Asks: 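Structure incoming, see below.
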4 protein chains.
Amino acid sequence: MPPALPFFDIQPQLATPIYRQVMEQVQRQVAGGQLRAGDELPSVRAVAERHAINPMTVSKAYSLLEAQGLLERRRGVGMVVAAGVPTAGGDADRLALLAPALESAAQQARELGIPPEAALAAFERLLHPDPKETP
Amino acid sequence: MPPALPFFDIQPQLATPIYRQVMEQVQRQVAGGQLRAGDELPSVRAVAERHAINPMTVSKAYSLLEAQGLLERRRGVGMVVAAGVPTAGGDADRLALLAPALESAAQQARELGIPPEAALAAFERLLHPDPKETP
Amino acid sequence: MPPALPFFDIQPQLATPIYRQVMEQVQRQVAGGQLRAGDELPSVRAVAERHAINPMTVSKAYSLLEAQGLLERRRGVGMVVAAGVPTAGGDADRLALLAPALESAAQQARELGIPPEAALAAFERLLHPDPKETP
Amino acid sequence: MPPALPFFDIQPQLATPIYRQVMEQVQRQVAGGQLRAGDELPSVRAVAERHAINPMTVSKAYSLLEAQGLLERRRGVGMVVAAGVPTAGGDADRLALLAPALESAAQQARELGIPPEAALAAFERLLHPDPKETP
DNA sequence: GTGGTCTAGACCACC
DNA sequence: GTGGTCTAGACCACA
């Protein structure tokens, strides 16, 4: 039982379509180990109501993840993380998933003429967001 | 004379539309100082042929940049970086342009369960890509 | 240029959802060689109008086939059979695609107590449907 | 006494709903003569345990067959094949029940470009599955 | 012209 | 309760 699933972090104003935001977050949470084989996902309707979006949008995300083999449909129960999925990807796998975002950021830094040290410092600040949130 | 413009780095398979890839790269190169007021841009036709994309796509990007005041149309010459454009943004400005990419990468790293040090190390490797390119 | 694409054979009254009927027919026509790498598919709107179904239904089929790697989206052009797809599957591949249908029919024949010869004869009649259509 | 009922052949991963798989198999075994008027069916609970499915699913199938007049509920005994049911349909009736499956297979063979002889041969192989199972 | 996304709502099917 | 399918229609983005 996943205790208090944080649902998802949906931002409709982004260029990335909502259904893709859902897909990518599930993919990363599976790769990161927050979601493991057999874990249930929040129901289509629950997610839709929570974020005030259309159930079909959520359903689309889930269906595509099912087609990818990441989720399984349990009739009358809902969607669960597929059995064959490794509990957590190796470090290399996870870094591979992060690579595109880092490459894009690095290219932008270069185009902006920002020195590597400055870019690194800014990134480090974002990685340790708010120390006082863990009392 | 812009010394051997590297044209652009166009990837049609990305979700980001091609005309936006062009726009963003010009914007960043101007902000970063690689492109300065008066510099010529490669012709629409040249860019289109080089990357096997539709000339209308390049033209659309240039036109939107012109509407933004970043480029100017010089009769018989082509597009040049507009006169009023500051030679290079301040450090804060440039970091602000980089911030969204870094935030996105940081969020992904967190969701993937990648420790900050590993993410930083990977980023650093990408920021110093190939030492022998600077002879 | 595929000369006079026969579109698809859609039967809304079947239990099989329409989007699956489309998917399966494309898959089989690719495996059978009627559709080859680079061939264009009829546009979403054309198919929808032709069969009086909703464009989204067709779009869903195409999108899933794209996710499978069988189709590619050409921006502003439409969907084409993906480049990496083999011109026609080997005989074994094609028979493998046919197997489930044959197995199901064989099981039903057994359950119905129909002797193999009778089932075979009935099948043969259906495989040579209408000799006078080739004048 | 039905001699060692083979229960059913249930495949939850198929698109066909489980209760329909049960219904169709009973219908065909009655049409084929394997099940005759008065024969007992395995209990709901037994079927459910045997195939690890929900008892309500089996019950639904039985109830629908009862509504069709194919089965009868005998107090304290369970479901039996109804009295009025003909011992076995005529050959034409049974072939009519098989026809849809054969038509579907024939269409698929055509779309796959499989020559009739090859399809027939494959079908024949499946109809004579395992000679040594009849000792 | 092309496909993509999202909505609102209906109805179905399964468990 | 669960997800699936389809519709009608709007609006966007790309080439």
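Within every chain, numbering begins at 1; the chains are lettered A, B, ... in the order of the sequence lines, protein sequences first and strands thereafter. Since the structure is predicted, the reported quantities are computational estimates derived from the model, not experimental observations.
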Asks: Hey, is the side chain of C:R73 poking within less than 4.0 Å of OP1 or OP2 on E:dG4, counting only N and O atoms?
Replies: yes

Asks: Provide, to the nearest angstrom, the distance between the CG atom belonging to C:L41 and the P atom belonging to E:dG1.
Replies: 19 Å

Asks: Please map the stems of DNA chain F, keeping only stretches of three or more Watson-Crick or G-U wobble pairs with both distances under 3.5 angstrom.
Replies: E:1-14 with F:1-14

Asks: Taking the minimum atom-to-atom distance to the side chain of C:M56, which one of E:dC6, E:dG4, F:dT7 wins?
Replies: E:dC6

Asks: Nearest of E:dC6, E:dA13, E:dT2 to any side-chain atom of A:I18?
Replies: E:dC6

Asks: Answer yes or no: is there a donor N or O on one side and an acceptor on the other, between the side chain of D:Q108 and the main chain of C:A101, under 3.5 Å?
Replies: no

Asks: Around A:R75, counting heavy atoms of other residues, nucleotides and ligands shown, do more than 12 lie under 6.0 Å from its CZ?
Replies: yes

Asks: So does B:D9 get a backbone contact from the side chain of B:Q25, meaning a donor-acceptor N/O pair under 3.5 Å?
Replies: yes

Asks: In whole angstrom, what separates A:R20's CZ from E:dG4's C1'?
Replies: 11 Å

Asks: Between A:E66 and C:A52, which residue's closest nucleotide on DNA chain F lies nearer the 5′ terminus?
Replies: A:E66

Asks: Using the side-chain heavy atoms of A:P17, tell me which of these nucleotides is nearest: E:dC6, F:dT7, E:dG3.
Replies: E:dC6

Asks: Within the structure shown, what part of the strands sits under 4.0 Å from A:R45 by heavy-atom distance: base, sugar-phosphate, or nothing?
Replies: base

Asks: Would you mind telling me which of F:dT2, F:dA8, E:dC15 lies closest to the side-chain atoms of C:N54?
Replies: F:dA8

Asks: For A:R74 and F:dG4, give me the distance from atom CZ to atom P, rounded to whole Å.
Replies: 14 Å

Asks: Rounded to the nearest angstrom, tell me the gap between atom CD in C:E72 and atom C1' in E:dG3.
Replies: 15 Å

Asks: Find which nucleotide of DNA chain E each of A:Y19 and A:R75 is nearest to by heavy atoms, and output the residue with the more 5' nucleotide.
Replies: A:Y19

Asks: Under 4.0 Å: is that the gap between some side-chain N or O of A:S43 and OP1 or OP2 of F:dT2?
Replies: yes

Asks: Between A:I53 (CD1) and E:dA8 (C1'), how many Å, whole number?
Replies: 14 Å

Asks: Rounded to the nearest angstrom, tell me the gap between atom CG in D:L64 and atom P in E:dA13.
Replies: 11 Å

Asks: Measure from CG on C:L71 to P on E:dG4 and round the result to the nearest Å.
Replies: 11 Å

Asks: Between B:E40 (side chain only) and B:V77 (backbone N and O only), is there a donor and an acceptor less than 3.5 Å apart?
Replies: no

Asks: For the side chain of C:V44, counting heavy atoms from C-beta on, which of E:dG3, F:dT2, E:dC15 is nearest?
Replies: E:dG3

Asks: B:T57 has a side chain; which of F:dA15, E:dG3, E:dT5 sits nearest to it?
Replies: F:dA15

Asks: Any donor and acceptor pair, going by atom type alone, linking the side chain of A:S63 with main-chain N or O of A:S59 inside 3.5 Å?
Replies: yes

Asks: From the set F:dG4, E:dT7, E:dG4, return the single nucleotide nearest to any side-chain atom of A:S63.
Replies: F:dG4

Asks: Between A:K60 and E:dT5, is there a side-chain N or O to OP1/OP2 distance below 4.0 Å?
Replies: yes

Asks: To the nearest Å, how far apart are A:E49 CD and F:dG3 P?
Replies: 12 Å

Asks: Has C:R74 got a side-chain atom pairing as donor or acceptor with C:M79's backbone, closer than 3.5 angstrom?
Replies: no

Asks: Using only atom types and a distance under 3.5 Å, with no angle test, would you say the side chain of A:H51 pairs donor to acceptor with the backbone of A:Q11?
Replies: no

Asks: Under 3.5 Å, side chain of A:Q34 to main-chain N/O of B:E111, donor-acceptor pair present?
Replies: yes

